[in-house]
Peer 1: 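Sharing a structure, written as structure tokens. Questions coming.
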Amino acid sequence: MYFISTRGKKEKIKGSQTIINGICSDGGLYVPESFPDVSDKLDNLVNLSYKDLCFEILKLYLDDFTEEELKNCINKAYDDKFDCKEIAPTVKVKDKYFLELYHGPTCAFKDMALTLMPLLLETSLKKNNIKEDILILTATSGDTGKAALEGFKNLNQIKIIVFFPEDGVSSIQKLQMQSQEGDNTYVVSINGNFDDAQSAVKTIFNDEEFKEILKNNNYILSSANSINISRLLPQIVYYFYSYFDLVKNKHIKLKDKINFTVPTGNFGNILAAYYAKLMGLPVNKLICASNDNNVLYDFFNSGIYNKNRELILTSSPSMDILISSNLERLLFEISSRDSEKVNNLIKDLNNKGLYKLDANMKKNLNSFRSEYANELEVKRNINKVFKEYNYLIDTHTCVAYTSYMKYLKKHKDCTPTVIVSTASPYKFSKDVLYSLGEEVNNFDKFEIIEKLSKFSHTEIPYPIKKLKTSLILHDENCEKDEIKSEIKKILKM
């Protein structure tokens with residue numbers, strides 16, 4: 001298996017090298033040269049444990065890893081850091097299915113890839129005999145930052161710097177990052193939004209002069225964002241696992257089709273579901289769920305991607321994004337892998353802030369539907385789900401739930417549907433408790449967490465509970481145009 005660029009440069013490299021590089025030299029994103037078809041092997045995969053299924057899927061892509069190397073990474077990643085043996089259980093709640101992806105060390109779905117990715121990178125460095133240090137640069141809208149910091153902490157040969165928007169994450173997300181331990185971890189808030197942070201980081205990846213300065217200081221640049229293929233590949237696994245969960249529990253028969261409803265901002269999570277479909281997972285529709293920043297909703301319904309709008313800060317901050325980086329990989333597939341078309345669309349996005357799909361590309365979006373949820377609907381439906389089902393969901397999961405209910409009403413599609421639950425409600429406890437009709441003013445974040453636990457009769461996850469005694473170790477802040485100088489300062493260059 002080789003990986004190529006979405007933008008057409010004749011780069012063709014193996015998995016371990018893509019993990020080290022992060023982004024292609026032409027600014028494009030790595031994609032598999034082809035997708036392995038496992039549609040005739042589903043019988044052999046259905047009863048596997050999460051770890052074994054992960055191995056069977058990843059070995060198809062990372063075939064320059066030995067069996068021992070890959071299994072070693074997977075076994076270390078999915079261990080007792082997760083609070084349930086299934087790793088990613090699909091829970092039936094009355095007539096709904098929720099795929100719970102928040103049982104890892106930071107209580108968000110980013111753990112599913114970011115417990116494994118650092119180990120894959122560490123192995124890749126050894127395989128490729130890389131002697132330089134790796135600098136991981138990451139912009140986060142909340143969950144990626146903490147999961148990356150936790151995954152990469154105290155690894156030799158690697159430093160990680162995370163940038164997050166000062167006013168664009170929840171108080172728990174912020175505390176999780178600012179209290180991060182590890183002598184190779186650095187956290188900086190910026191006065192700007194997530195798109196500002198992400199654009200600055202992407203610019204640095206394409207800055208040859210700055211990369212040369214890093215090289216002269218013994219650093220190679222890489223990323224823990226989902227632009228790195230090793231973030232995306234592990235996410236394919238839980239879509240297969242969830243499907244097999246439904247089969248094993250006799251909710252569906254093998255080869256029956258299902259839908260997934262995925263809350264997404266940067267488009268990585270739902271893209272992994274699309275990749276699973278391309279591999280032969282029996283998927284009917286992928287329902288892309290947006291919040292008030294509904295740029296993706298508009299894209300799927302009009303064929304026009306338009307970022308020329310004000311970013312709205314919502315109660316689902318991990319989706320407060322107007323530039324969905326991973327969408328470029330989808331453009332590559334729906335254009336029949338025409339990198340010239342992709343380049344022209346990205347050029348239009350950079351120059352005009354928008355692009356328009358041609359008729360063929362729009363037709364190739366047929367696997368997708370999209371809906372969005374506004375803030376009032378999110379508040380109302382967190383309350384409704386708890387009252388009707390005695391099931392507590394966070395704001396992002398509620399965006400997905402609300403979008404699915406709208407899709408159901410519109411299309412009358414009775415296909416079994418899995419709602420992807422991306423974070424513990426305790427990461428967004430203030431908004432969740434407020435949605436349940438409880439008083440939140442004049443209480444600090446830990447009092448709110450306690451109130452939520454008592455009101456809902458649910459247990460506070462240990463990673464959230466231990467924050468109460470955590471010390472602030474990172475309080476650096478910079479302007480959005482000072483990110484490069486902040487990196488130089490941290491690295492003492």
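Positions are given from 1, in the same order as the sequence printed here.
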Peer 1: What pairs with Thr90 under side chain to side chain donor-acceptor pair (under 3.5 Å), at least two apart in sequence or on another chain?
Peer 2: Ser242
Peer 1: State, without any angle test, whether Thr397 and Ser421 hold a side-chain donor-acceptor pair at a distance under 3.5 Å.
Peer 2: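 Short answer, yes.
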Peer 1: Identify, with sequence neighbours excluded, every residue that meets ring pair (Phe, Tyr, Trp, His ring centres under 6.0 Å) alongside Tyr372.
Peer 2: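 So Tyr372 forms a ring pair (Phe, Tyr, Trp, His ring centres under 6.0 Å) with Tyr297.
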Peer 1: Apply side chain to side chain contact (heavy atoms under 4.5 Å, CB included) to Asp83 and list each qualifying residue two or more places apart in sequence or on a separate chain.
Peer 2: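 By the side chain to side chain contact (heavy atoms under 4.5 Å, CB included) rule, Asp83 matches His103.
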Peer 1: So, using ring pair (Phe, Tyr, Trp, His ring centres under 6.0 Å) as the criterion, who are the partners of Phe446 when residues are at least two apart?
Peer 2: none
Peer 1: Looking at residues at least two apart in the chain, or sitting in another chain, which of them share a side chain to side chain contact (heavy atoms under 4.5 Å, CB included) with Lys341?
Peer 2: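 Listed in chain order: Ser335, Asp338, Asp358, Met361.
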Peer 1: Considering residues at least two apart in sequence or located in another chain, which fulfil the ring pair (Phe, Tyr, Trp, His ring centres under 6.0 Å) criterion with Tyr50?
Peer 2: Tyr78, Tyr241
Peer 1: Not counting sequence neighbours, list each pair that qualifies as a ring pair (Phe, Tyr, Trp, His ring centres under 6.0 Å) and has a residue in residues 312-333.
Peer 2: none
Peer 1: List, one per line, each side-chain donor-acceptor pair under 3.5 Å for residues 386-393, sequence neighbours excluded.
Peer 2:
unit_1	atom_1	unit_2	atom_2	d
Lys387	NZ	Asn383	OD1	3.4
Tyr389	OH	Lys96	NZ	3.3
Tyr391	OH	Glu100	OE2	2.6

Peer 1: Which pairs would a plain distance check flag for residues 107-121, meaning a side-chain donor or acceptor within less than 3.5 Å of a matching protein atom at least two apart in sequence or in another chain?
Peer 2:
unit_1	atom_1	unit_2	atom_2	d
Lys110	NZ	Thr144	OG1	2.7
Asp111	OD1	Thr106	OG1	2.8
Asp111	OD2	Thr106	N	2.8
Asp111	OD2	Thr106	OG1	3.0
Asp111	OD2	Cys107	N	3.2
Thr115	OG1	Asp111	O	2.8

Peer 1: Which residues satisfy the ring pair (Phe, Tyr, Trp, His ring centres under 6.0 Å) test with Tyr355, sequence neighbours excluded?
Peer 2: Tyr305
Peer 1: With Lys174, which residues qualify under side chain to side chain contact (heavy atoms under 4.5 Å, CB included), at least two apart?
Peer 2: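 Scan of Lys174 (side chain to side chain contact (heavy atoms under 4.5 Å, CB included), adjacent residues dropped) gives Phe164, Glu166, Val169, Gln178.
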Peer 1: Between His251 and Tyr97, is the ring centre distance below 6.0 Å?
Peer 2: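 For His251 and Tyr97, the ring centres are under 6.0 Å apart.
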Peer 1: List the residues meeting side chain to side chain donor-acceptor pair (under 3.5 Å) with Asn294, not counting sequence neighbours, and say none if there are none.
Peer 2: Arg309
